[in-house]
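Report on the following structure.
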Number of protein chains: 2
Amino acid sequence: MNTSIATFIKEKRKQLKLTQPELAEKAGVGLRFVRELEQGKQSVRLDKVNQLLDLFGSELGVIQKTD
Amino acid sequence: MNTSIATFIKEKRKQLKLTQPELAEKAGVGLRFVRELEQGKQSVRLDKVNQLLDLFGSELGVIQKTD
DNA sequence: TATTTTTGTACCCTAATGGGTATAATTATG
DNA sequence: CATAATTATACCCATTAGGGTACAAAAATA
């Protein structure tokens with residue numbers, strides 16, 4: 001994917017018709033974290049992001065920069 | 001890549017024949033961070049990881065889980 | 001447009017990341 | 001082997017991420 005982490009999660013969440021509180025609950029992370037992440041906060045913890053991505057069968061990995 | 005973030009950075013670093021202190025210096029992160037990251041620590045900050053990956057023209061992105 | 005639902009912003013607080021550094025352990029080199 | 005270089009572990013400490021929560025703003029719906 002070429003989308004940012006933020007938009008990826010936001011779009012996947014909507015595909016499953018979940019609200020932010022519901023996603024946070026399912027992933028076992030805080031609501032604040034979901035919100036900040038979807039708003040593009042960079043200084044987030046890697047393991048927390050992976051907790052969310054895991055719900056979508058994905059994870060963070062090294063990719064080539066496209067610029 | 002299918003390698004973990006830790007091994008990716010460690011291998012790239014060796015390709016450039018850099019020591020951990022040198023890599024930390026170049027990336028503008030602390031030495032302790034480089035060490036913990038190469039040892040597979042999960043609860044690291046995303047932006048710090050990207051600071052390192054940037055030296056190799058790469059970054060963190062969403063990938064499909066291979067399991 | 002009124003009402004409900006969802007999302008964004010703000011606050012307090014605790015736990016822990018990351019920086020610096022010293023020292024032990026390990027590895028590479030003479 | 002002995003020595004140097006690199007890496008791993010351990011400590012203190014300031015900053016801050018993230019949880020909880022309340023309320024404002026925005027979006028969706030009747």
Side-chain angles (χ1 to χ4, degrees):
Chain A
M1 282 269 178
N2 206 8
T3 65
S4 74
I5 297 166
T7 51
F8 178 87
I9 286 181
K10 185 176 248 172
E11 287 176 2
K12 278 289 183 182
R13 174 173 66 80
K14 301 221 159 168
Q15 280 179 25
L16 300 188
K17 297 199 191 308
L18 296 173
T19 64
Q20 289 173 344
E22 288 167 342
L23 182 67
E25 159 91 7
K26 268 184 174 288
V29 300
L31 172 58
R32 259 204 37 206
F33 176 76
V34 172
R35 293 186 167 158
E36 291 179 333
L37 182 60
E38 288 195 358
Q39 283 167 51
K41 184 178 182 183
Q42 292 297 311
S43 57
V44 289
R45 273 174 49 177
L46 194 113
D47 57 339
K48 294 289 174 185
V49 179
N50 278 330
Q51 270 182 259
L52 277 171
L53 293 178
D54 192 54
L55 293 178
F56 311 129
S58 49
E59 64 185 340
L60 288 182
V62 179
I63 63 175
Q64 204 64 18
K65 260 197 164 179
T66 60
D67 67 57
Chain B
M1 282 274 178
N2 206 5
T3 66
S4 75
I5 297 166
T7 52
F8 178 86
I9 287 182
K10 185 177 247 172
E11 288 176 2
K12 278 288 184 186
R13 174 173 66 79
K14 301 220 158 169
Q15 281 178 24
L16 300 187
K17 297 202 192 305
L18 296 173
T19 64
Q20 288 174 342
E22 288 167 343
L23 183 67
E25 158 90 8
K26 267 183 175 292
V29 300
L31 173 56
R32 258 201 41 201
F33 176 77
V34 172
R35 295 190 166 154
E36 292 178 334
L37 182 60
E38 287 195 358
Q39 283 166 52
K41 186 177 180 181
Q42 293 296 311
S43 56
V44 289
R45 271 174 52 175
L46 196 117
D47 56 341
K48 296 287 173 184
V49 179
N50 277 330
Q51 268 183 262
L52 279 171
L53 292 179
D54 193 53
L55 293 178
F56 312 129
S58 48
E59 65 185 340
L60 287 182
V62 180
I63 63 175
Q64 204 64 17
K65 261 198 163 178
T66 61
D67 69 54

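Letters go in sequence order (proteins before strands), and every chain restarts at 1.
The two residues B/S43 and A/R45 have their closest heavy-atom pair at CB-NH2, 3.4 Å.
In this structure, B/E36 places its CD atom 11 Å from P of D/dA10, rounding to the nearest Å. One interatomic measurement links the two molecules: NZ of A/K41 to C1' of C/dT17, which rounds to 13 Å at whole-angstrom precision. Straight-line distance from the CG atom of B/N50 to the P atom of C/dG18: 13 Å, rounded to whole Å. In this entry the distance linking CZ of B/F33 with C1' of D/dT15 reads 16 Å, nearest Å. Protein atom CZ of A/R35 is 14 Å distant from nucleotide atom C1' of C/dC11, rounded to whole Å. Taking atom CG of B/L23 as the reference point, atom P of C/dG18 lies 15 Å away to the nearest angstrom. When the P atom of D/dG18 is taken as reference, atom CD of A/Q51 falls 11 Å away, rounded to whole Å. Note: CD (A/E22) to C1' (C/dT7) measures 13 Å, nearest angstrom.
The phosphate of D/dA5 has neither OP1 nor OP2 within less than 4.0 Å of any side-chain N or O from B/Q20. When the side-chain nitrogen and oxygen atoms of A/R32 are compared with OP1 and OP2 of C/dT7, none of them lie within a distance under 4.0 Å. When the side-chain nitrogen and oxygen atoms of B/K14 are compared with OP1 and OP2 of D/dT6, none of them lie within a distance under 4.0 Å. Residue A/T19 places none of its side-chain N or O atoms closer than 4.0 Å to OP1 or OP2 of C/dT6. Considering only side-chain N and O atoms, B/R13 lies under 4.0 angstrom from the phosphate OP1 or OP2 of D/dT7. Remark: A/K48 is not in phosphate contact with D/dG18, judged by side-chain N or O atoms under 4.0 Å from OP1 or OP2. For A/Q39, no side-chain nitrogen or oxygen approaches OP1 or OP2 of C/dT7 to under 4.0 Å.
Among the nucleotides D/dT7, C/dT17, C/dG19, the one closest to the side chain of B/P21 is D/dT7.
Rounding to the nearest 0.5 Å places CG of B/N50 at 11.0 Å from CG of B/L55. For the atom pair B/K12 NZ and B/L18 CG, the distance stands at 12.0 Å (nearest 0.5 Å). Interatomic distance, CD of B/E11 versus CZ of B/R13, reported as 11.0 Å (0.5 Å rounding).
If you find the closest nucleotide of DNA chain C to B/L31 and to B/L46, the one lying nearer the 5' end belongs to B/L46. Looking at which nucleotide of DNA chain D each of A/V29 and B/K10 is closest to, the 5′-most match is held by B/K10.
Note on A/R45: only backbone sugar-phosphate atoms sit closer than 4.0 angstrom, heavy atoms only; bases stay farther off.
Under the 4.5 Å side-chain criterion, counting only non-hydrogen atoms from C-beta, B/I63 is in contact with A/E59.
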